[in-house]
Protein chains: 2
Amino acid sequence: MKINDYVSLYETERKKINTILSGALKHRNPSSLYEPGSYILNSGGKRIRPLLVLLSAKAVGGKFSAAYNAAAAVEMLHNFTLVHDDIMDNADKRRGRLTLHKKYDNSTAILVGDSLLSIAYEYLLKDCNGNSKQVISAFTKGLIEVCEGQSLDTDFEDRKNVSLAEYLLMIKKKTAAMAEMCCKIGALLGGGTKEQVKALGNFGLNIGIAFQIQDDLLDISADEKKFGKTIGGDLVEGKKTFLFLEALEKSTGEDRKKLLKVIERKGIRRNQINSYKMIYDNLGVLDDARNEIKSYTKKAMKSINVLSEKNKQIFKWLADSLIHRTS
Amino acid sequence: MKINDYVSLYETERKKINTILSGALKHRNPSSLYEPGSYILNSGGKRIRPLLVLLSAKAVGGKFSAAYNAAAAVEMLHNFTLVHDDIMDNADKRRGRLTLHKKYDNSTAILVGDSLLSIAYEYLLKDCNGNSKQVISAFTKGLIEVCEGQSLDTDFEDRKNVSLAEYLLMIKKKTAAMAEMCCKIGALLGGGTKEQVKALGNFGLNIGIAFQIQDDLLDISADEKKFGKTIGGDLVEGKKTFLFLEALEKSTGEDRKKLLKVIERKGIRRNQINSYKMIYDNLGVLDDARNEIKSYTKKAMKSINVLSEKNKQIFKWLADSLIHRTS
């Protein structure tokens with residue numbers, strides 16, 4: 001297959017996932033619960049997690065059709081985390097629309113999150129046959145880690161000293177564990193061997209870490225038009241990203257003083273973004289981030305060496321797309 | 001077995017459940033997530049839901065030991081609903097202590113609820129063997145209904161006209177579906193037949209409805225010292241309980257006007273409680289509630305006619321205890 005074929009395969013499968021998701025809450029009552037649920041499920045999104053499920057099922061010799069419900073389930077789980085995280089972060093916008101708790105209220109958003117999670121399990125169960133226990137265990141483990149990761153993330157907001165190692169543990173739990181889980185359940189539902197499940201799980205874990213560092217990098221280096229958000233938002237909010245913590249560990253003198261101010265004051269003003277970007281440039285942390293992304297992507301690709309050359313190609317395309325994305 | 005034996009069996013098993021629950025979150029990190037989690041899991045409670053799981057396992061010929069983790073799981077699920085409901089209701093106290101969101105904050109409480117639910121699935125999976133899919137499906141169905149029931153309950157707060165039939169649907173989902181689920185998964189884990197699982201599920205469902213109406217009745221008729229809360233709290237808060245809606249459907253003239261005022265003003269003053277209790281007395285709604293409780297309890301007992309006489313006795317004791325409880 002050529003790159004264009006992968007792109008069209010992705011588009012086709014994304015549409016199928018969207019169709020399942022937009023049908024999932026129809027004909028359910030009460031509407032006070034399921035209308036807001038549909039609002040978030042129909043708000044778009046890349047649907048990368050469902051894609052990981054489907055591709056992993058196919059990579060081990062299974063069919064997409066063995067994993068569509070599971071693919072929808074991981075997207076519901078993802079949306080559950082978005083809805084609850086947005087309440088905690090007091091976020092106003094998500095995917096260009098009002099966040100659920102802003103459009104409705106906090107109580108509705110809490111309950112909609114809970115119900116999305118419950119229906120995620122319902123959908124996952126639809127695809128479970130002989131190996132239900134393994135599939136649901138992997139899903140549950142991913143869920144537990146997401147909660148732990150979110151808790152660490154919240155802790156870090158109030159802490160003055162966070163190490164890069166702690167940051168990596170946090171994104172491993174908050175972001176990468178879910179990608180790992182998606183690949184694992186896809187491989188399990190596709191009938192993969194123990195070795196294949198482990199290999200694809202490691203692919204997901206490493207590509208998930210690369211994805212998150214790329215997210216941090218895009219925030220400061222993206223093309224504003226394509227990015228869709230203002231550049232430097234993480235610095236304005238005082239977020240302890242990979243770039244910020246790397247810069248802090250490398251800096252001395254005046255640079256370090258300026259970086260420590262971001263922590264003390266819990267963020268910077270918009271007109272200070274450029275001067276901080278210069279510090280990042282001088283310290284070379286953008287290149288450090290690019291190198292980390294490459295290194296985790298390499299690890300991800302290495303872990304699926306057990307797959308056939310043909311099956312590896314689509315993961316290679318996926319990894320490349322994630323690294324070269326602009327938003 | 002005699003009644004004293006049942007009481008001591010309940011006490012023994014309650015302690016075992018408490019031990020599992022207080023160990024469940026130990027040695028997990030981050031403590032910012034699991035310390036508040038332990039705060040709610042160690043705050044006491046009747047542990048009736050775990051008891052339903054254990055007794056149902058035994059009633060079909062299984063052992064308690066086949067279902068301890070599942071018993072802990074349903075209590076975690078119950079605590080997850082308490083933590084999230086308390087945020088939505090803006091409640092200050094729970095089991096005589098500060099609610100979790102008051103002791104910590106809303107974000108912590110949202111996340112602790114989520115994580116209790118995730119660990120509930122982890123514990124449930126520990127007891128799953130051949131029939132994981134059925135067990136987890138029953139658990140998930142119960143969870144979905146609890147969310148729907150909570151949503152209906154919230155809807156009813158703002159609605160002026162709620163019928164008794166709607167109220168019964170709400171408590172079926174919010175309270176009784178979980179009792180049904182507890183009995184079902186206990187019976188499944190104990191190796192029950194399809195008929196036994198269904199029978200015990202119906203026992204749980206009907207006893208759950210009886211339990212909730214009893215809760216409404218206790219609020220206005222309990223001995224204040226034993227009850228531990230002020231009598232008439234539901235009227236003060238303007239809650240649309242079984243008693244209130246039954247009174248509304250039966251009343252005419254001045255009584256009806258006074259009852260409608262409770263809805264309009266979203267509650268009454270403490271010094272009005274007695275005059276409303278008199279309306280309830282005159283309309284005979286306390287007796288109506290007692291009759292409903294008896295009727296649902298009878299249905300519950302009838303549904304387990306398939307069990308042996310010996311096994312029915314402990315459910316009879318349980319049903320009697322729930323009806324004659326004072327708090």
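Below, chain A is the first sequence line, B the second, and so on; all start at residue 1. This one's a predicted model, so the numbers in the text were calculated from it and none came from an experiment.
Note that the CG atom of B:L117 and the CZ atom of A:F80 stand 7.5 Å from one another [nearest 0.5 Å].
Under the side-chain contact (heavy atoms from CB on, under 4.5 Å) criterion, A:A57 pairs with A:A67, sequence neighbours left out.
Interface remark: A:L111 contributes backbone and side-chain atoms alike to the contact with chain B (heavy atom separation under 4.5 Å). For B:I87, the part sitting under 4.5 Å from any heavy atom of chain A is the side chain, from C-beta outward, and nothing else.
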Chain B/chain A interface donor-acceptor pairs under 3.5 Å:
| from | atom 1 | to | atom 2 | distance (Å) |
| --- | --- | --- | --- | --- |
| B:S32 | OG | A:S151 | OG | 3.0 |
| B:S32 | OG | A:D155 | OD1 | 3.0 |
| B:S32 | OG | A:D155 | OD2 | 2.7 |
| B:Y34 | OH | A:E148 | OE2 | 2.5 |
| B:H84 | ND1 | A:D114 | OD1 | 3.1 |
| B:H84 | ND1 | A:D114 | OD2 | 2.7 |
| B:D114 | OD1 | A:H84 | ND1 | 3.1 |
| B:D114 | OD2 | A:H84 | ND1 | 2.7 |
| B:L125 | O | A:K133 | NZ | 3.2 |
| B:C128 | O | A:K133 | NZ | 2.8 |
| B:K133 | NZ | A:L125 | O | 3.2 |
| B:K133 | NZ | A:C128 | O | 2.8 |
| B:E148 | OE2 | A:Y34 | OH | 2.5 |
| B:S151 | OG | A:S32 | OG | 3.0 |
| B:D155 | OD1 | A:S32 | OG | 3.0 |
| B:D155 | OD2 | A:S32 | OG | 2.7 |

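By number of non-hydrogen pairs under 4.5 angstrom with chain B, the leading residue of A:L125, A:I136, A:V146, A:V112 is A:L125.
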